[in-house]
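Worksheet: one structure, shown below.
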Amino acid sequence: RADFMREAQEQRDSEWLREVMTPGERAGNLPDDTEKLLQRGTEYLHASAACAKKCIRAGRRKQAGLHRKGKRAFRMAYAMLMIATANLVAGMEGIRARDVVEPCNYKQAIRSEHRRFWQDAIKTELKNIDDHDIWDWVNLPPGRKPIDTTWAFRAKPNATGFIDKLKARLCARGFRQIYGIDFTETHAPVTTIAAWRAAVAECARRGLKIDIWDVSGAYLNSELIEDIYVKPPEGMVVPEGCEGMVLKLKKALYGLKQAGRAWNQKLRNFLLECGFEQSQADHSMFYKTRKVKGQTHVIRLNVHVDDSFTT
């Protein structure tokens, strides 16, 4: 936690972040509340993404400034999110992740030895879903059956085997979906192992840079075309006036049969808008060619669900 506090203080001194900082952050006072840290970290992440989009379409002179600003904003977001993560596991230092019993359901979580931490993880997941605007409260239409949900819990280790964070994921029980009503198409392409190996081999031969990354909460960004209704999850406070109502999904939840396909289409459309081209040999490989100072530069992405191998 102290390391990331120093990282945040270093980014605070950057003139590139002055316009997105609050007065308190400029004075060196970071939020203590975990939810506020998560909120501000998300806002810095959006600011970094906005700089990246502008950088793609900007001229050569403006790109360097936008790149520095976006990099600073991303590092600030990362620091704040890591401080929030440290807050979530405060009091569990020195405990190895393998020694924590992972609950099988919500009832086990609230009765477990570490129930306070699991409850914080549930609140964080529900807030993340609320921030993504996943659902609306509606009355269940006649003839429809809502899908129930379940909680998945995991103690994620860091590089040394100790607890990095306790994570809770809300999942729909997709096996209860009915074909033709709750879903139709489910196929989502992923990159082939041959294309992946070829990309690694070419990077090794030419000395190219490699980056591997994943999208956090990818499925929560994917719009649905079907009308899907779910029951309120355990641990969720039902707003006043919504008793007896169900939740209509606007975006995908983990566990839905069409969630992978919806995310793939979302990512594909975004990359095409950013100027990437889709390979005809491997539909999960995207590339973009650009000339800079007379030299041809190529960016290539091999996508496997929410993970990407970038060269």
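Small disclaimer: the values here were computed from a predicted structure and weren't measured.
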Rounded to the nearest 0.5 Å, what's the gap from [atom1] on [X] to [atom2] on [Y]? Could you check?
X	Y	atom1	atom2	result
Asn264	Asp306	CG	CG	11.5 Å
Asp130	Leu220	CG	CG	11.5 Å
Met236	Leu170	CE	CG	9.0 Å
Ile163	Phe117	CD1	CZ	8.0 Å

For [X], give me all partners under side-chain hydrogen bond (donor to acceptor under 3.5 Å, both in side chains), at least two apart in sequence or on another chain.
X	value
Gln265	none
Arg169	none
Trp213	Thr310
Asp133	Lys250

Qualifying residues under salt bridge (charged side-chain N to carboxylate O under 4.0 Å, His left out), relative to [X], sequence neighbours excluded:
X	result
Lys266	Glu223
Arg154	none
Arg115	none
Arg206	Glu202

Self-check item: Considering all heavy atoms, the nearest Pro157-Ala97 contact
Solution: CB-CB, 3.7 Å
Quiz prompt | Pairs satisfying ring-ring contact (aromatic ring centres under 6.0 Å, His included), at least one member in residues 271-308, at least two apart | solution = none
Quiz item: Judged by atom type as modelled, is there a donor-acceptor pair below 3.5 Å linking the side chain of Ser48 to the main-chain atoms of Leu45?
Solution: no
Less than 3.5 Å apart, which donor and acceptor atoms pair up between the side chains of residues 182-194 and the rest of the protein, not counting sequence neighbours?
residue: Asp182; atom: OD1; partner: Arg144; partner atom: NH2; Å: 2.8
residue: Asp182; atom: OD2; partner: Ile178; partner atom: N; Å: 3.0
residue: Thr191; atom: OG1; partner: Asp282; partner atom: OD2; Å: 2.9
residue: Thr191; atom: OG1; partner: Asn302; partner atom: ND2; Å: 3.4
residue: Thr192; atom: OG1; partner: Ala195; partner atom: N; Å: 3.2

Practice problem: If you link ILVMFWY side chains whenever their heavy atoms are less than 4.5 Å apart, which other residues fall into the same cluster as Tyr229? By chain and number, please. | Solution: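 Listed partners: Val138, Leu140, Val246.
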Practice problem: Tell me, please, which residues at least two apart from Lys145 pass side chain to side chain contact (heavy atoms under 4.5 Å, CB included). | Solution: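 Partners of Lys145 under the side chain to side chain contact (heavy atoms under 4.5 Å, CB included) test: none.
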Practice problem: Evaluate side chain to side chain contact (heavy atoms under 4.5 Å, CB included) for Gln108 paired with Val101, printing each intermediate quantity in order. | Solution: CA-CA 10 Å; Gln108 286 187 12; Val101 179; over 6 Å; no
